[in-house]
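Input: a single structure, listed below in structure tokens.
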Amino acid sequence: MEPTGATAPNHAPASFGNPDLPGEGEVNTVGDPASLVMTGPQNPVIASQFPNQIDAPATDISTQAFFWSSFNISPRRVQRGGWAREITQQDFAISEEISGVNMYLEAGGIRELHWHQTAEWAVMTRGRCRITTLNRKGMPSVEDVEEGDLWFFPAGLPHSLQGLGPDGAEFVLAFDDGSQSESNTLLLTDWFAHTPPDVLAKNFGVAQEVFRDIPLHNLWIFPGDVPGDLEADQNAAGVQWGDDQPVIFRLSRSTPVHENSGGRIQIADSTNFPVASTVATALVTVEPGSMRELHWHPNADEWQYYLRGSARMTVFNTGPHANTTDFRAGDVGVVKRNFGHYVENTGDDVLQFLEVFRSDHYEEVSLANWLSHLPPQLVSAHLNIPADVLATFPRTSQGIVPLR
Ligand code: MN
Ligand code: MN
């Protein structure tokens with residue numbers, strides 16, 4: 001008879017920690033080491049980055065749509081002044097709701113004046129950047145952002161980005177459509193070059209010759225002079241200070257919604273960053289030894305961007321399907337709405353990542369919060385855990401598991 005229950009050795013299939021029959025996972029190959037031999041061509045450098053895929057936990061079962069990608073493997077489009085690389089749904093099928101761009105502008109480097117069909121949410125990861133835009137009433141904003149700050153441009157509203165001194169700006173954009181590409185934007189120089197000269201002259205009330213030196217091909221990213229004083233630029237652009245919604249938000253300086261010995265969670269959505277009407281985010285910081293607790297999101301897919309450290313995440317899907325993979329700085333993950341997940345810090349350093357959602361607000365269901373708000377006998381009937389032990393579980397959502 002197969003051993004069952006918590007007293008069974010964990011290498012026996014259909015036991016605690018090894019639930020499947022037939023068993024899946026390396027623990028089930030004891031006595032048959034030939035099962036693990038890998039004889040074909042391999043790339044040990046890449047393989048070393050995915051210990052949880054080479055040797056998945058015995059609790060993993062079956063397979064599901066791959067939920068890992070990375071800017072580290074994305075082709076870099078480089079021009080004088082900076083570069084960009086992107087991950088769209090074309091490369092990463094699961095990423096339906098969000099596409100991502102990682103861009104760098106040298107000091108003075110300009111991402112040319114443009115607009116596009118989707119909203120643009122962004123987080124600054126290094127350096128400083130000057131941004132310009134117009135709101136729906138035609139009123140301008142000119143702002144400087146730095147590491148940990150966000151900006152948000154609603155779909156269709158025009159904008160520019162320019163790196164500031166001394167080291168330029170690096171940032172990650174999230175568009176609220178997985179198919180949006182950084183190469184699919186409406187560029188100022190393209191429109192000028194492809195409008196009849198007499199129409200340009202008529203529109204601006206000047207002679208055609210005024211436009212004879214405009215670029216015939218778009219600039220996209222190009223070098224420029226480092227901008228001067230912010231206030232002078234704001235005045236020159238006609239910025240008026242009033243009741244309008246700010247287009248930037250200092251996320252890394254905001255008050256956490258969860259904070260304990262295991263880390264913290266800071267949130268920006270339309271409740272505290274009103275202009276961000278279609279993208280919500282959580283900045284998650286996890287100390288070594290801790291993890292983002294078991295939870296899911298009912299309102300949107302989660303698009304993750306890993307800022308620092310190393311992690312593993314298991315995604316729990318119907319079926320059941322459960323699969324674990326590894327994440328490092330520059331990587332991107334996607335968890336479809338309602339699929340259960342945790343994110344565990346697997347390194348000796350702080351883990352930091354962003355959860356980005358195509359929604360006007362942040363929303364989650366915490367497993368611990370749910371189970372602690374049910375009649376205890378109902379939970380006991382499912383899990384065979386006595387009510388007095390259940391009473392020691394966390395009584396609320398913790399966000400991050402506190403260190404013991
Ligand atoms: Mn843009
Ligand atoms: Mn999540």
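Read the numbers this way: they start at 1 and go in the same order the structure lists the ligands and their atoms. For the single chain, residues carry numbers from 1 onward in sequence order.
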Of all the N, O or S atoms in Glu302, which one sits nearest to the Mn ion (ligand 2)?
OE1

Does the pair Thr314 and Tyr342 meet the rule for a side-chain hydrogen bond (donor to acceptor under 3.5 Å, both in side chains), with working shown?
CA-CA 6 Å; Thr314 304; Tyr342 67 88; 2.6 Å; yes

Taking the Mn ion (ligand 2) as the vertex, measure the angle between atom NE2 in His295 and atom NE2 in His297; round to 10°.
90°

Would you sort out whether Phe222 and Arg80 count as a side-chain contact (heavy atoms from CB on, under 4.5 Å), showing the intermediate values?
CA-CA 6 Å; Phe222 64 104; Arg80 260 195 84 201; over 6 Å; no

In His159, which N, O or S atom comes closest to the Mn ion (ligand 1)?
NE2

Could you tell me whether the Mn ion (ligand 1) has an N, O or S atom of Glu182 under 2.8 Å away?
no

Side-chain donor-acceptor contact under 3.5 Å, Asn345 with Ser290
no

Regarding Arg358 and Asp177, does a basic nitrogen lie under 4.0 Å from an acidic carboxylate oxygen?
no

Name of whichever N/O/S atom of Glu120 is nearest to the Mn ion (ligand 1):
OE1

What heavy-atom pair brings Phe153 and Thr132 nearest, and what distance separates the two atoms?
CZ-O, 4.3 Å

